[in-house]
Amino acid sequence: MSGNAPSSAPDVKVIGSGLDSAILTPGEPWPLGAHRDANKTNFAVFSRHAVLIELWIFPDIDAEVPVLRIALDRKLHKTGDIWHIGVGADLNGHCYTYRALGPTATDSRHRFDPRRLLLDPYAPLIAAWNNSITKSSDTRLPGDFQRAFAGIVAQHHFDWQGVVCPRHPWSDTIIYETHVRGLTIHPSSGVEYRGQYLGLIEKIPYLKALGITAVELLPVQAFDTDHVGCNVTDGTKRADYWGYNPIALFAAHAGYASGRTFNSTLTEFKTMVRELHRAGIEVILD
């Protein structure tokens, strides 16, 4: 496959070992993103104008080549504007990206780039590649591919322990706006998990003492802390602290998690929400 021309038939290629026995099914158009069940992972992504979508799966964030590359067939893997496929293999912790082919660069309405690997906007977890290119082992696709971030296949299940959102009437709502890191990063906060989701849990007694009914969290969506801005007063470089340049709106920011396993971010964020709800405090996301 080259340029922007789609293949005439499904092109499924297993590269390397580990996924040789993966069972591929058409999958479902909903929910969007990557969702695991007992037997498979369902991938679904929106693109109205793409003529071909490829799903690339990598064993981890350090990998330079995918273990599975699947070119989706519009007849089998597209419903409306949603492209989808089911992969029957244990993909927990695997990274994935998409490659989208569409109208050429001469069409100013679109920005399809066949040399760029794309992040799933519905990814529940993301990671930055430790190297910026993917090596192509396909003679039909010589050269390298640009990449920046990848989604991570994760377990969405969480034990909410029967806790539900308090749902205070707006007339009774008192909102406390705060920054997850800023609230507890200073030693005077007196918490163990400073600057982290679990640290905010430790401040629940303080929040309840204030009489508030909701916390509004400044951006907790995944953002690139290496995104550097410039101080307008002295010209010095400044890393992104506030998070108003999100990368993925459905992924929690990994920098606020204490754990080092790939699923820690998702688990700790949900734990924070559960415990705030248990204390009668609603959570609003900026």
Side-chain angles (χ1 to χ4, degrees), residues 33 58 60-64 93 95-98 111 113 115-134 144-154 175-203 206-207 215-273 276 283-286:
F58 298 80
D60 54 57
I61 201 63
D62 295 315
E64 289 189 344
C95 297
Y96 70 100
T97 60
Y98 290 104
R111 299 184 65 184
D113 184 347
R115 309 305 308 186
R116 187 178 296 275
L117 299 183
L118 306 173
L119 173 66
D120 175 13
Y122 278 80
L125 292 171
I126 69 170
W129 291 109
N130 294 332
N131 47 68
S132 61
I133 61 173
T134 286
D144 299 329
F145 293 84
Q146 296 178 334
R147 64 187 188 180
F149 297 93
I152 303 177
V153 179
I175 300 173
Y176 182 95
E177 186 176 22
T178 189
H179 187 282
V180 170
R181 176 177 170 81
L183 180 65
T184 62
I185 193 60
H186 194 272
S188 64
S189 65
V191 305
E192 177 182 357
Y193 296 99
R194 289 164 46 196
Q196 298 169 344
Y197 298 121
L198 299 184
L200 201 151
I201 295 175
E202 297 178 75
K203 299 300 290 186
Y206 166 74
L207 296 172
V215 291
E216 181 175 351
L217 302 180
L218 275 68
V220 294
Q221 296 87 353
F223 65 93
D224 185 5
T225 53
D226 291 333
H227 177 81
V228 178
C230 183
N231 188 311
V232 296
T233 58
D234 60 15
T236 57
K237 299 294 184 181
R238 292 288 187 269
D240 190 349
Y241 174 81
W242 299 104
Y244 282 102
N245 292 289
I247 298 168
L249 294 177
F250 296 93
H253 183 55
Y256 300 152
S258 62
R260 291 296 173 260
T261 63
F262 73 90
N263 212 33
S264 297
T265 303
L266 205 56
T267 300
E268 293 183 24
F269 177 81
K270 290 180 177 181
T271 300
M272 174 193 68
V273 172
L276 284 166
V283 180
I284 302 170
L285 303 184
D286 193 341

Minimum heavy-atom separation for A127 and I61, please, with both atom names.
CB-CD1, 3.8 Å
Mark yes or no for whether R181, through its side chain, and Q196, through its backbone, hold a donor-acceptor pair below 3.5 Å.
no
Could you tell me whether a side-chain N or O of T184 sits under 3.5 Å from a main-chain N or O of R194, the two making a donor and an acceptor?
no
Y206 atom OH, neighbour heavy-atom count above 12 within 6.0 Å
no
Heavy-atom closest pair (A248 atom, Q221 atom, distance to 0.1 Å) is O-CB, 3.7 Å
Evaluate V191 against L198 for side-chain contact (heavy atoms from CB on, under 4.5 Å), listing each step before the verdict.
CA-CA 9 Å; V191 305; L198 299 184; over 6 Å; no
Closer than 3.5 angstrom, by distance alone: can the side chain of E202 be matched with the main-chain N or O of Y193 as a donor-acceptor pair?
yes
Between T225 and H253, does a side-chain contact (heavy atoms from CB on, under 4.5 Å) hold up when you go through it step by step?
CA-CA 10 Å; T225 53; H253 183 55; 3.7 Å; yes
Starting at CG of L217, measure out to CG of D286 and round the result to the nearest 0.5 Å.
9.0 Å
Reported CZ-to-CD1 distance for the pair F149 and I247, which is rounded to 0.5 angstrom:
3.5 Å
Separation of Y197 OH from L266 CG (nearest 0.5 Å)
9.5 Å
Would you confirm whether R260, through its side chain, and S258, through its main-chain N or O, come within 3.5 Å as a donor-acceptor pair?
yes
Y241 and H179: aromatic ring centres closer than 6.0 Å?
yes
Give, for atom OH of Y256 and atom CZ of F269, the distance between the pair rounded to the nearest 0.5 Å.
11.5 Å
W129 vs F58 aromatic rings, parallel, tilted or perpendicular, using cut-offs 30° and 60°?
perpendicular
Looking at D62 and E64, would you say the former's side chain and the latter's main chain have a donor-acceptor pair under 3.5 Å?
no
Side-chain (T271) to main-chain (T267) donor-acceptor, under 3.5 angstrom:
yes
Does the side chain of N263 reach to within under 4.5 Å of the side chain of L125, using non-hydrogen atoms?
yes
Show your working on side-chain contact (heavy atoms from CB on, under 4.5 Å) between I126 and I152 and close with a plain yes or no.
CA-CA 6 Å; I126 69 170; I152 303 177; 5.9 Å; no
Could you state the interatomic distance from CD (E177) to CG (L218), rounded to the nearest 0.5 Å?
5.0 Å
Donor-acceptor pair, distance only, cut-off 3.5 Å: does the side chain of E268 make one with the backbone of G259?
yes
Step by step, work out the side-chain contact (heavy atoms from CB on, under 4.5 Å) result for F262 and D60.
CA-CA 10 Å; F262 73 90; D60 54 57; over 6 Å; no
Testing V220, L200, V215 for side chain to side chain contact (heavy atoms under 4.5 Å, CB included) with M272, which one passes?
L200
Just checking, is any N or O donor in the side chain of S264 or T261 under 3.5 Å from an acceptor N or O on the other one?
yes
For residues 116-124, please give each side-chain donor-acceptor pair under 3.5 Å, one per line with the distance, not counting sequence neighbours.
unit_1, atom_1, unit_2, atom_2, d
R116, NH2, Q146, OE1, 2.7
D120, OD1, Y122, N, 3.0
D120, OD2, Y96, OH, 2.6

